[in-house]
There are 2 protein chains.
Amino acid sequence: MNNQASDAPLTLRDVAAAAGVSLATADRVVNGRPGVSAKTARKVHEAVQRLGFRPLAAAAELARARSWRFAVILPGGGNRFMMDIADNIRAQADWFRARRIGVEIVEADVFDADTLAAELATLPGRFDGVALVALDHPRIRAAIDDLVEGGMAVVTLVSDAPSSRRQHYVGIDNIAAGRTAGSLVGRFLGPPRAGEPGGAVGIITGSGSLRDHAERRFGFGQVLAEEYPHLTRLNPVEGRDDPERNRDLVRRMLADTPDLVAIYNTGEGSVGIGEALAEAGLTRKILCVGHELTPATRRMLLDGTFAALVAQDPGHEVRSMARVLHALVAGQEIVAAQEHIRVQVILRDNLP
Amino acid sequence: MNNQASDAPLTLRDVAAAAGVSLATADRVVNGRPGVSAKTARKVHEAVQRLGFRPLAAAAELARARSWRFAVILPGGGNRFMMDIADNIRAQADWFRARRIGVEIVEADVFDADTLAAELATLPGRFDGVALVALDHPRIRAAIDDLVEGGMAVVTLVSDAPSSRRQHYVGIDNIAAGRTAGSLVGRFLGPPRAGEPGGAVGIITGSGSLRDHAERRFGFGQVLAEEYPHLTRLNPVEGRDDPERNRDLVRRMLADTPDLVAIYNTGEGSVGIGEALAEAGLTRKILCVGHELTPATRRMLLDGTFAALVAQDPGHEVRSMARVLHALVAGQEIVAAQEHIRVQVILRDNLP
DNA sequence: CATATTTTGAGTTGCGCACCTCAAAATGCC
DNA sequence: GGCATTTTGAGGTGCGCAACTCAAAATATG
């Protein structure tokens with residue numbers, strides 16, 4: 001175990017000297033410009049390897065002397081998590097500016113494929129890269145492919161469109177997130193008691209059309225079916241991430257399902273669930289697991305309405321998005337390990 | 001909601017022009033050099049505010065033209081998590097070099113205050129900053145204070161010494177980590193059944209002398225006492241993070257405690273717990289919760305020996321350490337929100 | 001008032017690299 | 001061999017800032 005000191009500031013000049021070529025030639029090789037014989041290029045590459053040369057990030061960036069414009073397309077409406085994403089982008093305005101990155105947040109109706117596709121079509125020329133909360137829909141896939149075709153860097157954010165040619169997805173594995181929620185529900189409810197039925201689990205989802213929610217439902221159902229077969233799963237009901245709608249859905253669920261023991265919400269608007277339970281005097285009697293840390297879910301985690309949250313960190317996602325887009329447009333390498341977004345489990349005790 | 005574009009590259013020159021002073025004066029103000037009247041300084045500051053000027057990171061770094069040397073003091077021995085930290089440091093050698101940062105990993109016996117203090121005393125002159133896994137001991141506190149006094153940037157890593165003058169702690173809130181483990185154990189065991197006693201919970205800890213383990217025991221005990229009073233807590237036993245020792249401890253624990261229902265390990269060497277349970281045919285019968293994701297704990301999570309892990313991400317910690325040390329020596333601001341290290345809960349389903 | 005002191009402006013240098021031009025040298029081809 | 005073509009070297013420029021120097025201007029001091 002030892003050091004990786006690089007006391008000698010080691011510049012491209014040193015590489016050129018070591019390879020026995022001129023600075024200009026070394027520069028051509030390192031930056032992949034033409035007009036160098038294979039033999040010479042090899043000498044330079046060897047010298048780079050041998051000395052362990054890396055261009056100084058600051059100097060490279062400064063010399064490149066160009067700025068980038070990125071668009072981030074987020075769903076409009078009152079979605080708290082998306083507002084967190086936007087807030088994080090704004091909070092890092094300094095970080096972006098210090099790297100000559102201009103970020104424009106574009107609100108769009110991501111649920112309407114035509115609108116979103118039209119919005120995407122306006123981007124070329126105005127932006128170097130785009131991050132979008134993708135609808136997994138043929139029109140959107142085509143629009144994304146067109147952008148990539150035109151040389152734009154495209155990453156999906158939070159909800160993926162894996163069939164498109166987007167270069168990267170910044171977000172969590174939503175099947176794993178759903179499975180995690182399933183395991184929490186299953187374990188927290190405990191093993192079935194002899195002679196008692198397992199009870200019913202209600203599933204509230206935002207919308208059928210975004211891939212992330214669908215994947216969560218899938219993962220959740222998978223785990224419950226495999227490992228907690230004593231639990232009955234109710235059919236998912238759509239609350240469109242709206243608290244009031246969710247409240248009504250839970251009211252009805254409570255009325256219709258006497259043996260309800262748990263509720264899983266794949267999306268937003270969890271506060272409506274808490275309200276319906278409070279009305280019925282069932283707070284903390286029905287196990288609740290939801291997604292994303294917001295002021296509302298934080299409160300309900302603290303008061304015990306929700307037992308756990310499965311979450312992704314919007315700050316991490318924004319930073320990852322920025323790094324990835326920048327690496328894509330600047331032709332740098334993406335360090336996959338660093339860009340993996342974790343599925344977090346948040347209990348009352350490890351609230352950030 | 002809208003953009004924060006900075007199309008105009010906005011340089012210090014622009015600030016000087018806006019403030020009606022020369023570039024030199026603007027530079028003096030921005031870099032805090034003397035020889036500027038209060039009135040002029042105010043004009044410049046106002047212009048900076050008004051235009052929203054931030055020095056371009058790359059240019060500033062390049063111009064500063066100096067390199068940094070950091071030491072990272074880690075415990076020797078076979079501690080897997082510490083090896084992960086070291087591996088992460090090595091894996092980011094490129095990142096460090098691209099920022100003119102030389103990192104030297106120093107193995108030390110962090111459990112011996114005199115040795116560690118002596119090691120710390122050798123650092124001034126050789127390094128600009130140091131990150132250390134701190135022993136919370138008066139000698140170490142004094143040694144840290146001496147370093148800080150001498151102008152060195154000091155951050156504690158993984159285990160804190162809050163009474164010292166270290167500028168920053170990179171690591172998780174270990175009380176919260178212990179509480180999280182406590183909640184997981186309590187919830188996973190489920191509510192007490194009528195007529196049945198709650199059972200006993202064994203606690204295995206690494207050592208009494210590192211603060212992190214002590215805090216985890218404290219948090220764990222707190223939650224169990226407050227919320228799961230039906231569970232009996234056995235006295236913590238010290239396994240010094242050693243698998244074999246832990247195996248023996250669990251063998252004895254199983255023999256002595258017929259009503260054992262769960263085991264919590266605050267530290268390393270969880271594999272020994274798994275072995276002892278397997279011998280006794282009690283795998284998955286006794287609930288186990290441990291710390292840190294390693295190849296061994298990953299395996300035991302997958303096979304069900306462990307139900308959950310409470311973990312911190314060594315990659316995040318290394319990156320945070322690097323950013324913080326760099327910010328400290330370069331006199332830049334630390335973005336607290338970005339440097340918060342999360343207490344992660346890892347189940348089989350959200351394994352990264 | 002003259003003098004000392006402080007403040008400000010103007011300018012230079014260099015950080016390491018990307019990107020460019022132009023000429024010289026080496027190589028290929030007939 | 002003479003020619004065109006490719007390869008290489010030498011050198012310059014600018015990115016934006018930090019950190020200087022030196023002189024001029026403004027202000028304070030006696």
Side-chain angles (χ1 to χ4, degrees), chain A residues 6-45 47-48 51-68 94 97-101 329-332, chain B residues 6-45 47-48 51-68 94 97-101 329-332:
Chain A
S6 72
D7 264 26
L10 190 56
T11 71
L12 187 57
R13 196 170 245 96
D14 302 320
V15 173
V21 302
S22 72
L23 181 60
T25 299
D27 173 70
R28 287 182 185 111
V29 174
V30 168
N31 290 293
R33 274 187 287 275
V36 181
S37 69
K39 202 176 67 178
T40 310
R42 198 160 38 76
K43 281 198 298 182
V44 175
H45 281 131
V48 167
L51 302 184
F53 168 80
R54 302 286 306 184
L56 186 66
E61 196 175 317
L62 183 59
R64 247 181 279 268
R66 61 161 297 184
S67 58
W68 310 104
D94 272 5
R97 244 214 328 278
R99 281 153 190 79
R100 286 197 188 91
I101 298 174
V329 295
Q332 294 168 0
Chain B
S6 72
D7 264 26
L10 190 57
T11 72
L12 186 56
R13 193 170 247 97
D14 303 320
V15 174
V21 302
S22 72
L23 182 60
T25 299
D27 175 68
R28 287 182 184 109
V29 174
V30 168
N31 289 291
R33 275 186 285 275
V36 180
S37 69
K39 201 177 68 179
T40 310
R42 198 161 37 74
K43 281 198 299 185
V44 175
H45 280 132
V48 167
L51 302 184
F53 169 79
R54 300 285 306 181
L56 185 68
E61 195 176 320
L62 182 60
R64 248 182 280 270
R66 61 161 300 186
S67 58
W68 310 103
D94 272 5
R97 244 215 327 279
R99 280 152 191 80
R100 287 198 188 91
I101 297 173
V329 296
Q332 294 168 0

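Proteins come first, then strands; the chains are lettered A, B, ... in the order of their sequence lines, and each starts at number 1.
Counting non-hydrogen atoms of neighbouring residues, nucleotides and ligands closer than 6.0 angstrom, the CZ atom of A/Arg13 reaches no more than 12 such neighbours.
For the helix from C/dC1-D/dG30 to C/dC30-D/dG1, the axis fitted to the five pairs at one end and the axis fitted to the five pairs at the other end meet at an angle of 20° (nearest 10 degrees).
Under the 4.5 Å side-chain criterion, counting only non-hydrogen atoms from C-beta, A/Lys39 is in contact with A/Arg42. Using a 4.5 Å cut-off on side-chain heavy atoms (C-beta onward), A/Phe53 and A/Asp14 make no contact. Within the 4.5 Å cutoff, no side-chain heavy atoms of B/Thr40 are placed close to those of B/Val29.
Looking at every heavy atom in both residues, B/Val36 comes nearest to B/Ala41 through CG1-N, 3.8 Å. Of all heavy-atom pairs spanning B/Val48 and B/Val30, the tightest one is CG2-CG2, 4.3 Å. Contact between A/Ala16 and A/Ala26 at its shortest, heavy atoms only, is CB-CB, 3.8 Å.
With hydrogens and angles ignored, a donor-acceptor pair closer than 3.5 Å exists between the side chain of B/Arg28 and the base of C/dG9.
Looking at heavy-atom distances under 4.0 Å, A/Asp27 makes contact with a base. At a threshold of 4.0 angstrom between heavy atoms, the contacts of B/Val30 with the nucleic acid are absent.
With D/dG9, D/dG16, C/dG16 as the candidates, the nucleotide lying closest to the side chain of B/Ala63 is D/dG16. Listed nucleotides: C/dT8, D/dC17, D/dG9. Nearest to the side chain of B/Thr40: C/dT8. The listed nucleotides are C/dC17, D/dC17, C/dA18; the one nearest the side chain of B/Phe53 is D/dC17. Checking C/dG14, C/dA18, C/dG9 against every side-chain atom of A/Pro55, the shortest atom distance belongs to C/dA18. Between C/dG9, D/dA10, D/dG16, one nucleotide has an atom nearer to the side chain of B/Ser22 than all others, and that is C/dG9.
The distance from atom CZ of B/Arg33 to atom P of C/dT8 is 15 Å, rounded to the nearest whole Å. Rounded to an integer number of Å, the gap from CZ of A/Arg64 to P of C/dA18 is 6 Å. Following rounding to the nearest Å, A/Lys39 (NZ) and C/dA25 (P) show an atom-to-atom distance of 18 Å. The CG-P distance, from A/Leu51 to C/dG16, rounds to 15 Å in whole Å. We find that CG of B/Leu56 is positioned 17 Å from P of C/dG16, with the value rounded to whole Å. Atom C1' of nucleotide D/dT7 and atom CZ of A/Arg42 are separated by 16 Å, given to the nearest angstrom. When the P atom of C/dG16 is taken as reference, atom CG of A/Leu23 falls 12 Å away, rounded to whole Å. One interatomic measurement links the two molecules: CG of B/Leu62 to P of D/dA19, which rounds to 12 Å at whole-angstrom precision.
For the pair B/Asp27 (side chain) and B/Leu23 (backbone), a donor-acceptor distance under 3.5 Å is absent.
Of the side-chain N and O atoms in B/Thr25, one or more sit less than 4.0 angstrom from OP1 or OP2 of C/dG9. Distances shorter than 4.0 Å separate none of the side-chain N or O atoms of A/Ser37 from OP1 or OP2 on D/dT6.
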